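A short write-up of the structure that comes next.
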Amino acid sequence: KDAGRSTHTVFVPDMMEDNKRRLLIANSISGAIKHNEFSVHYQAKVAPDESVVGYEALIRWKSESLGMVSPAEFIPIAEQSGKILSITKWVIKKVCQELDQILAMHTGKMVVSLNLSAHDIKNASLVDYIRAMFDKYRVDTSHIEFEVTESAYLENFDVANEFLKQIRDMGCSIALDDFGAGYSSLGYLTQIHLNTLKIDKQFVDNLNVSKRSTLVTKTIIEMAKQLNLQICAEGVETREQAEFLILNGCHQLQGYLFAKPMNLQDLLKR
Ligand code: C2E
Ligand code: CA
Ligand code: CA
Ligand code: CA
């Protein structure tokens, strides 16, 4: 049905395997939380001088039965099967618990970013949960940022905006993730409470590929600057990309060129 009307698809055994795996993943999530199969990795974000200015928290799943499962695979399944909220809560709690150890590694201003799914934003009770975790673990909210994608605003703009306003009122900052990758509507940018724009990896990848794609990236950066937003570029893998982004005024860079996501133990060792 997803392909639209007047198309047909032959049902091959592969699709059955696919559906089986999706079901298996969906049904394994609750147990995975209970049996401590999830963990959080942290990927550094750096300033142009390469000093660390923050970390993005990224969930990892080492399943007893399935092995390593990528969040790119299980997060969408969790969203569709109604399990995402429990995952989001788990990550929030974990980061609150580990935050002090991360902050202790650095002297400068440090921000840890958490990803929120578009589905989370519809749940007003999540705000209460976040507040409770911040209280319980005595979190200084100026160290916390939430990353949301534009899809969060698609379904119900007012609901999303109200959710994120409450988060902002607590003292956290908000980043718009994967900017340019989805159904970008520039109209949003003037209406939502944002601190940071994260330029999607696809724009970073296309730098120096063609004059036109380079120009598009340049224009996004320029626009964000005019709107007084912080700009973070994700997926920076080469020196050339980094140099271009810095030259054009990006405030933060994130990517394998600087650091891969690491667990807390490895991070503390570095
Ligand atoms: P994202 O939020 O856009 O996160 C960036 C992804 O790019 C991460 O993949 C990161 O490991 C990867 N990455 C970072 N630098 C580079 C680079 O230089 N090159 C390449 N090729 N990749 C790079 P990861 O950790 O597999 O996460 C994939 C997606 O899963 C995330 O995309 C995010 O949408 C989702 N996700 C991960 N953790 C969470 C979470 O705790 N909650 C929610 N709701 N979603 C999460
Ligand atoms: Ca993100
Ligand atoms: Ca991203
Ligand atoms: Ca992305």
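Computed over heavy atoms, backbone and side chain alike; hydrogens, waters and symmetry mates excluded. Atoms within a ligand are numbered from 1 in the order they appear, just like the ligands themselves. Keep in mind it's a predicted model, so treat the numbers as computed, not measured.
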Contact between K201 and ligand 1, counting heavy atoms under 4.0 Å?
-> yes
Which atoms of ligand 1 are found less than 4.0 Å from any heavy atom of P261?
-> 11 (O)
Heavy-atom closest contact (E145 atom, S113 atom, distance) | OE1-OG, 2.8 Å
Does E222 come within less than 4.0 Å of K225, counting only side-chain N to carboxylate O?
-> yes
Only residue of Q166, Q191, H193 satisfying side chain to side chain contact (heavy atoms under 4.5 Å, CB included) with N161 is H193
Check step by step if side-chain contact (heavy atoms from CB on, under 4.5 Å) holds for M262 and K269.
-> CA-CA 11 Å; M262 288 182 249; K269 268 187 246 156; over 6 Å; no
Proximity to ligand 1 by part of R60, non-hydrogen separation under 4.0 Å | side chain
Distance in Å, L215 CG paired with L207 CG, rounded so as to fall on 0.5 Å steps = 11.5 Å
Heavy-atom pair with the smallest gap, counting every atom of I199 and C250 | CD1-SG, 4.4 Å
Around atom NZ of K211, are there more than 12 heavy atoms of other residues, nucleotides or ligands at under 6.0 Å?
-> no
Nearby protein N/O/S atoms (those under 3.0 Å) for the Ca ion (ligand 2), with water ignored = E56 OE2, N115 OD1, E147 OE1, D177 OD2
Partner of F179 under side chain to side chain contact (heavy atoms under 4.5 Å, CB included), picked from L189, D200, L194, is L189
With the threshold set at 4.0 Å, does a side-chain nitrogen-carboxylate oxygen contact exist between R131 and D135?
-> no
Enumerated ligand 1 atoms positioned under 4.0 Å from heavy atoms of E234 | 3 (O)
List every atom of ligand 1 that sits less than 4.0 Å from any heavy atom of G255, numbering the atoms from 1 in the order shown and giving each element.
-> 15 (N), 18 (O)
Is ligand 1 under 4.0 Å from a heavy atom in the side chain of V236, in the backbone, in both, or in neither?
-> backbone
Could you tell me whether Q43 approaches ligand 1 through its side chain, its backbone, both or neither, with non-hydrogen atoms closer than 4.0 Å?
-> side chain
Should D120 be counted as touching ligand 1, given the test is an N or O pair under 3.5 Å?
-> no
Just how far is it from atom CG of L267 to atom CD1 of I102, taken to the nearest 0.5 Å?
-> 6.5 Å
Heteroatom proximity flag, D178 to ligand 1, N/O under 3.5 Å = yes
Ligand 1 and S70, any nitrogen or oxygen pair closer than 3.5 angstrom?
-> no
For atom 27 (O) of ligand 1, which of A181, A57, G235, P71 has the closest heavy atom?
-> P71
Between NZ of K45 and OG of S51, what distance do you get to the nearest 0.5 Å?
-> 14.0 Å
How are the rings of W61 and F74 set to each other: parallel, tilted or perpendicular (split at 30° and 60°)?
-> perpendicular
Here the atoms of ligand 1 under 4.0 Å from any heavy atom belonging to E237 are 17 (C), 18 (O), 19 (N), 20 (C), 21 (N)
Answer yes or no: does an N/O atom from D177 fall short of 3.5 Å to an N/O atom of ligand 1?
-> yes
Heavy atom under 4.0 Å from ligand 1: found in Q254's side chain, backbone, both, or neither?
-> neither
Does one hydrophobic cluster hold both V40 and L103, with members joined at side-chain heavy-atom distances below 4.5 Å?
-> yes
Taking all non-hydrogen atoms of both residues, which atom of Q241 and which atom of E237 are closest, and how far apart?
-> OE1-N, 2.8 Å
Which ligand 1 atoms, with their elements, are less than 4.0 angstrom from a heavy-atom of E56?
-> 2 (O), 4 (O)
Measure from atom 43 (C) of ligand 1 to every heavy atom in N115, V91, L114 and give the option owning the shortest one.
-> N115
